Number of protein chains: 2
Amino acid sequence: MSVTGHTSADTPADQAAKGGKSVSIRDVAAAAGVSYQTVSRVINGNASVKEATRERVQEAIRALGFRPNAAARALANRDTRSLTVVTSNTTLYGYAATLQGVEEAARAAGFTVGISVLESEADEHVRATVNRAADSSSGLVVIAYDSAGVRALDCVPDGHPVSAAVEAPAGPLSNSLPRAWIDDAEAAAEATRYLLELGHPTVHYVALPSTTHASRRTAGWRAALEAAGAPVPEPVGAGWDAVAGYDAGRRLAQDPGVTAVLCGNDDLALGVLRAMYEAGRPVPGQVSVVGFDNAPQSAFYTPALTTVEMDFTDLGRACFALLHDVLAGTSTAAALPPVPRPRLVVRESADVHHPAPTP
Amino acid sequence: MSVTGHTSADTPADQAAKGGKSVSIRDVAAAAGVSYQTVSRVINGNASVKEATRERVQEAIRALGFRPNAAARALANRDTRSLTVVTSNTTLYGYAATLQGVEEAARAAGFTVGISVLESEADEHVRATVNRAADSSSGLVVIAYDSAGVRALDCVPDGHPVSAAVEAPAGPLSNSLPRAWIDDAEAAAEATRYLLELGHPTVHYVALPSTTHASRRTAGWRAALEAAGAPVPEPVGAGWDAVAGYDAGRRLAQDPGVTAVLCGNDDLALGVLRAMYEAGRPVPGQVSVVGFDNAPQSAFYTPALTTVEMDFTDLGRACFALLHDVLAGTSTAAALPPVPRPRLVVRESADVHHPAPTP
DNA sequence: CTGAAAGCGCTTACAG
DNA sequence: CTGAAAGCGCTTACAG
């Protein structure tokens, strides 16, 4: 990695010298021969300004390179039209995609978006982070897929505008803030049934750390198993990434009874795929694996991953919509965008069960 | 996906009623029996405040739940201690990791970080996006790995504090803004030599879209080939993701002469892996593949990907340091953090060349 | 259609 | 160690 300084022609000193106190509304007014209030009007697209003077002002703005000061504006308006998303991760697919959805919707609505990451779930850290985030923007969107996020939600100053992306609607959320989630219980059940119909005696489950004691996804998996009269193995708890999936996969690989495994996300599934490969248990020949999320890489794994597609980007957009409503005071849960159901994407990693696996 | 509104107890109306005009410095002053200037002093940790009154004020702050108004502060201070990173993507590994590095360093320094994504490289859109970003924070960090980013860099208002993460130091950047990059020329050469030493007659190259006519990475690859007297095939231009790698891989798979391919990033390599698999050209049996980046999943692919590790997070940190320097007026390119060189991580996807491939 | 006033919530010198 | 003044750059009523 290499680095380069900037040329001496651009030092802050020069900058200060160049712009002086930087051009303000009054400078523009002077240049255009009007009062500064009029300048404010044209900036804000106020209708009642004569066309001729509007043009003169606009010309002065261009000539002087005037740019409105956001802080002053925010102060006078009592509003910054900004939000910050609080999240414990920006790198995992589900988080990144949610963030992207929030950003996209926010930008479209003229909102500025900040990001504030939770580095640990230590109470003090979470509280400080949330407070700083709350202070620097008009609203918060917290991604509460994990316990740091859930804790952040609990720290939001009372009455501060906020919405959240959560794992499931129920659970330890003491208050009922506006929140959105993907209803994945049915999808988990569908994936489980799919595996069962392939002839597998049961389906093992590699779980994401859950923020609730009863994740809907886990519930869907369990329900499908019970409905089919299949045994319900203990879910194996894992983390979020391929390393965690790999560890879980190694344990599972030792049990000849596991022939089908459903994973909490695609990274976990990738780790399981690798562990099975190393253990000499070919997928899908001997064991079937199904993921969750449908991350962009999943289609290119070998075997290509059968997985449940989750539209996190849309979830992010919904979170923005929710926040926007509370900001506007029009919090109508009724008038919300359609809710895309997750769907099973069948590829190569799951196949019919062979009762007597070829050695 | 499901959504829920907030309880009626939390409407903005209630909020307004509750806080009134929200508690200000004057309310605290009144409660503590001091002037509001004194409150300002304790907020800012000004030393010259008697311990007793400091405590009284702090108590009042706590009791009233006072939170300083960031906009007012920014206005009075002429500084927001904030930055926004301008990027065309938050989802690709290199971008996400860079963003993470910027965020981490910024947060540690008490900066607020915004994010502003470039949705297209259309001039007008880029300019508007950059302007809004510039207006809403005291500095910009632009991730200029692609042409949208490079264009954004060109749009930064003259004299506005900015730093950039770039592909390579030279190129179409007309001005010389502070920027950081990963010096990958030598790493590309090393990876190429590695493949050559494995006995491959030459190394094909699946390139990222480059922002410069002479990417350092491409140059390193070419130099290694030339130094070894190996033929230099035309690089195959691709995009950024696995889909693009897959397309490139399909083309390459048809040419029996390609036995080794170096890819611009790991997603590209994944696509190539898949294309080779589908074409019946086993990796690394018949063709060797090496990636770039060392994304967290690479170690779990089958075959595990041999790749060049790039520390984007550190790059992001360096970008923040650079911006911080220009903001502070102490732009000393000399006093910069150590520059971690990328290194080759050998795994399974590259192996010795078998002159007569087993059918 | 356009000015003059007051104020958004804070900070920075300046007195005392 | 602590007040009183002035001002940061804008917007919002209020006159005219």
Side-chain angles (χ1 to χ4, degrees), chain A residues 16 19-58 60-61 64-82 110 112 132 134-138, chain B residues 16 19-58 60-61 64-82 110 112 132 134-138:
Chain A
K21 343 182 60 48
S22 103
V23 9
S24 89
I25 214 185
R26 313 196 194 239
D27 301 317
V28 174
V34 298
S35 74
Y36 59 86
Q37 289 89 337
T38 296
V39 175
S40 172
R41 286 189 191 97
V42 344
I43 293 171
N44 293 295
N46 187 317
S48 59
V49 175
K50 209 200 308 179
E51 189 50 29
T53 96
R54 169 188 309 286
E55 270 162 21
R56 248 185 315 143
V57 171
Q58 224 116 38
I61 287 177
L64 302 186
F66 166 78
R67 347 212 49 222
N69 178 308
R73 223 161 179 178
L75 182 55
N77 277 332
R78 282 162 205 67
D79 178 29
T80 47
R81 284 185 85 74
S82 67
T112 253
R132 295 204 330 151
D135 287 346
S136 64
S137 53
S138 33
Chain B
K21 341 183 60 51
S22 104
V23 10
S24 89
I25 214 186
R26 310 192 197 242
D27 301 317
V28 175
V34 297
S35 75
Y36 59 85
Q37 289 90 338
T38 295
V39 176
S40 172
R41 285 190 191 96
V42 343
I43 292 171
N44 294 292
N46 188 318
S48 57
V49 175
K50 212 201 304 181
E51 189 50 30
T53 93
R54 168 187 312 287
E55 271 161 21
R56 248 187 314 144
V57 170
Q58 226 117 38
I61 287 176
L64 302 185
F66 166 77
R67 346 211 53 221
N69 176 309
R73 227 166 175 173
L75 182 57
N77 276 331
R78 282 162 204 70
D79 179 30
T80 46
R81 282 185 87 73
S82 66
T112 253
R132 294 202 333 154
D135 287 346
S136 65
S137 55
S138 35

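Note on naming: letters A, B, ... go to the chains in the order of the sequence lines (proteins, then strands), and numbering restarts at 1 for each one. These figures come from a predicted structure and were not determined experimentally.
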Please report the interatomic distance [atom1]([X]) to [atom2]([Y]), rounded to the nearest 0.5 Å.
X: A:Ile43; Y: A:Arg73; atom1: CD1; atom2: CZ; result: 6.0 Å
X: A:Ile25; Y: A:Gln37; atom1: CD1; atom2: CD; result: 8.0 Å
X: B:Ser136; Y: A:Asn69; atom1: OG; atom2: CG; result: 11.5 Å
X: A:Gln58; Y: A:Glu51; atom1: CD; atom2: CD; result: 8.5 Å

Check your understanding: Closest approach of B:Val23 and B:Leu64, non-hydrogen atoms and distance?
Key ->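 Heavy-atom minimum between the residues: CG1-O, 3.4 Å.
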
Review point. Which heavy atom of A:Thr80 sits nearest a heavy atom of A:Ser82, and at what distance?
Key: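 It is OG1-OG, 2.8 Å.
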
Practice item. Both distances under 3.5 Å, Watson-Crick or G-U wobble: on that basis, could you give the dot-bracket string for DNA chain D, with [ ] for crossing pairs and | for other-strand partners? Key: |||.||||||||.|||

Taking 4.0 Å as the cut-off, does a side-chain nitrogen or oxygen of [X] come that near to OP1 or OP2 on [N]?
X: B:Thr38; N: D:dG3; value: yes
X: A:Arg73; N: D:dT11; value: yes
X: B:Asn69; N: C:dC8; value: no
X: A:Thr53; N: C:dT2; value: yes
X: B:Asn77; N: C:dT12; value: yes
X: B:Ser24; N: C:dC8; value: no

Check your understanding: Does the side chain of A:Ile61 come within less than 4.5 Å of A:Val42's, by heavy atoms?
Key ->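 A side-chain contact under 4.5 Å exists here.
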
**Study point:** Test item: B:Val57 and B:Arg54 side chains (from C-beta on) under 4.5 Å apart, heavy atoms
**Key:**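 Of all side-chain heavy-atom pairs linking B:Arg54 with B:Val57, none is under 4.5 Å.
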
Side chain of [X] (C-beta onward), nearest among [options]:
X: A:Arg41; options: D:dC10, C:dC8, C:dG3; value: C:dG3
X: B:Val49; options: C:dC10, C:dG3, D:dT2; value: D:dT2
X: B:Ser40; options: D:dC10, C:dC1, C:dT12; value: C:dT12

In this structure, how many angstroms lie between the [atom2] atom of [N] and the [atom1] atom of [X], rounded?
X: B:Arg54; N: D:dC1; atom1: CZ; atom2: P; answer: 10 Å
X: B:Asn44; N: C:dG9; atom1: CG; atom2: C1'; answer: 13 Å
X: A:Leu75; N: D:dT11; atom1: CG; atom2: C1'; answer: 10 Å
X: A:Ile25; N: D:dT11; atom1: CD1; atom2: C1'; answer: 8 Å
X: A:Asp27; N: D:dG9; atom1: CG; atom2: P; answer: 9 Å
X: A:Asp135; N: C:dC10; atom1: CG; atom2: P; answer: 10 Å

Practice item. Return yes if some donor-acceptor pair links the side-chain N/O of A:Arg26 with the main-chain N/O of A:Tyr36 below 3.5 Å, else return no. Key: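 Flag not set: sc A:Arg26 to bb A:Tyr36 has no pair under 3.5 Å.
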
Check your understanding: Does A:Asp135 use its side chain to pair, donor to acceptor, with the backbone of A:Arg132 at less than 3.5 Å?
Key ->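 Here the side-chain-to-backbone pair does not exist.
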
Point to revise | No-H, no-angle donor-acceptor pair, A:Arg67 side chain to D:dG9 base, under 3.5 Å | key: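 Answer is no: no donor-acceptor pair is held.
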
Close N or O pairs between protein and nucleotides 5-7 of chain C (under 3.5 Å):
{"from": "C:dA5", "atom 1": "N6", "to": "A:Gln37", "atom 2": "NE2", "distance (Å)": "3.2"}

